[in-house]
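Written below as structure tokens is the structure these notes are about.
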Amino acid sequence: GAVVSQHPSWVICKSGTSVKIECRSLDFQATTMFWYRQFPKQSLMLMATSNEGSKATYEQGVEKDKFLINHASLTLSTLTVTSAHPEDSSFYICSASVSGGATQYFGPGTRLTVL
Amino acid sequence: GESVGLHLPTLSVQEGDNSIINCAYSNSASDYFIWYKQESGKGPQFIIDIRSNMDKRQGQRVTVLLNKTVKHLSLQIAATQPGDSAVYFCAENLGDSWGKLQFGAGTQVVVTP
């Protein structure tokens, strides 16, 4: 149980284009989903907290107009990287927690490469 | 958690030996802690958790110890196997309403034959 999927698993795009990443909880309803980014050899850095039916809460330093988050249902959250640039290249990981639960279950990650 | 750095500490362990991975956390108000294992190119995988009202919890081949006095967490892996090679992260629940986690810097475990 508690399986989280992400799509796509990797994506290569040109600078200036937008990329959408999907995060789905497959066997549970996730009231809250989280988006992280991770650079090589580094830890996970929380970008934003996504709650179903409400606006996402972004961490300090994360541009909300650049990283658009939509949590339209209890099983799906999307992250759109708008006008991507090479410095946005990173490993993006989502996680989900059940209602009232403290444990986060992570997706397999999405490798974004911006040329 | 520990500050993020550019170089992961590495623990080299011989197959069959026990591994001990340490973590210092920062927030004395944190009441829930999780250890995750991350293999290369994959998302973190839940290993074991512990609440602040406990000081020890055991799972299958893993034990987590919590010392709240010095804000220290450790993960012990018994009889380390090649499949245990990965990066291990501790995470502390910051106690906010959303259940945010703060991750430590991570430790690279390399199991040698």
Side-chain angles (χ1 to χ4, degrees), chain A residues 1-7 9-10 21 23-25 30-52 54-62 71 90-113, chain B residues 1-10 21 23-27 29-54 57 59 64 86-110:
Chain A
V3 179
V4 177
S5 70
Q6 276 182 247
H7 179 80
S9 55
W10 60 270
I21 303 170
C23 177
R24 294 181 185 272
S25 56
T31 311
T32 307
M33 288 184 171
F34 303 84
W35 286 97
Y36 297 81
R37 66 189 296 182
Q38 185 180 34
F39 292 107
K41 301 294 185 185
Q42 293 191 25
S43 188
L44 283 77
M45 296 299 292
L46 180 65
M47 297 175 67
T49 304
S50 166
N51 293 286
E52 186 265 338
S54 61
K55 290 184 179 180
T57 303
Y58 291 81
E59 295 300 299
Q60 192 172 10
V62 178
H71 192 161
S90 188
F91 194 50
Y92 291 87
I93 312 172
C94 72
S95 70
S97 60
V98 301
S99 177
T103 305
Q104 292 181 26
Y105 298 94
F106 285 82
T110 298
R111 173 76 57 194
L112 170 63
T113 302
Chain B
E2 298 164 349
S3 59
V4 173
L6 294 177
H7 302 283
L8 282 173
T10 299
I21 306 163
C23 176
Y25 63 93
S26 57
N27 190 346
S30 295
D31 61 358
Y32 179 60
F33 305 87
I34 311 172
W35 280 100
Y36 287 96
K37 171 186 180 182
Q38 186 180 28
E39 296 175 318
S40 182
K42 298 183 179 180
Q45 176 188 357
F46 173 91
I47 300 174
I48 192 168
D49 58 0
I50 189 168
R51 295 205 172 271
S52 59
N53 60 353
M54 304 171 70
R57 189 157 189 238
V64 55
V87 178
Y88 290 80
F89 293 98
C90 66
E92 58 181 305
N93 184 298
L94 298 178
D96 67 318
S97 58
W98 307 126
K100 289 183 188 178
L101 295 177
Q102 180 167 298
F103 280 77
T107 298
Q108 174 86 55
V109 172
V110 177

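All of these numbers come straight from a predicted model, not from anything done at the bench. Labels below follow one simple rule: chain letters A, B, ... track the order of the sequence lines, proteins then strands, and each chain is numbered from 1.
- Ranked by heavy-atom pairs under 4.5 Å with chain B, the first of Ser9(A), Pro108(A), Gly109(A) is Pro108(A).
- Using a 4.5 Å cut-off between heavy atoms, Leu101(B) touches chain A through backbone and side chain atoms alike.
- One finds the CG atom of Asn93(B) at 8.0 Å from the CD atom of Gln104(A) (value rounded to the nearest 0.5 Å).
- For the atom pair Lys100(B) NZ and Thr57(A) OG1, the distance stands at 6.5 Å (nearest 0.5 Å).
- Heavy atoms closer than 4.5 Å to chain B are found nowhere in Gln6(A), neither backbone nor side chain.
- Proximity to chain A is limited to the side chain of Gln38(B), based on heavy atoms less than 4.5 angstrom apart.
- Between Tyr36(A) and Phe103(B), the ring-plane angle classifies as perpendicular under the 30° and 60° cut-offs.
- With a 4.5 angstrom heavy-atom cutoff, Thr103(A) touches chain B via backbone and side-chain atoms both.
- Summarising the geometry of Gln38(A) relative to Phe89(B), their closest heavy-atom pair is NE2-CZ, 3.7 Å, with the distance given to 0.1 Å.
- Between atom OG of residue Ser43(A) and atom CD of residue Gln102(B) there is a gap of 9.0 Å, rounded to the nearest 0.5 Å.
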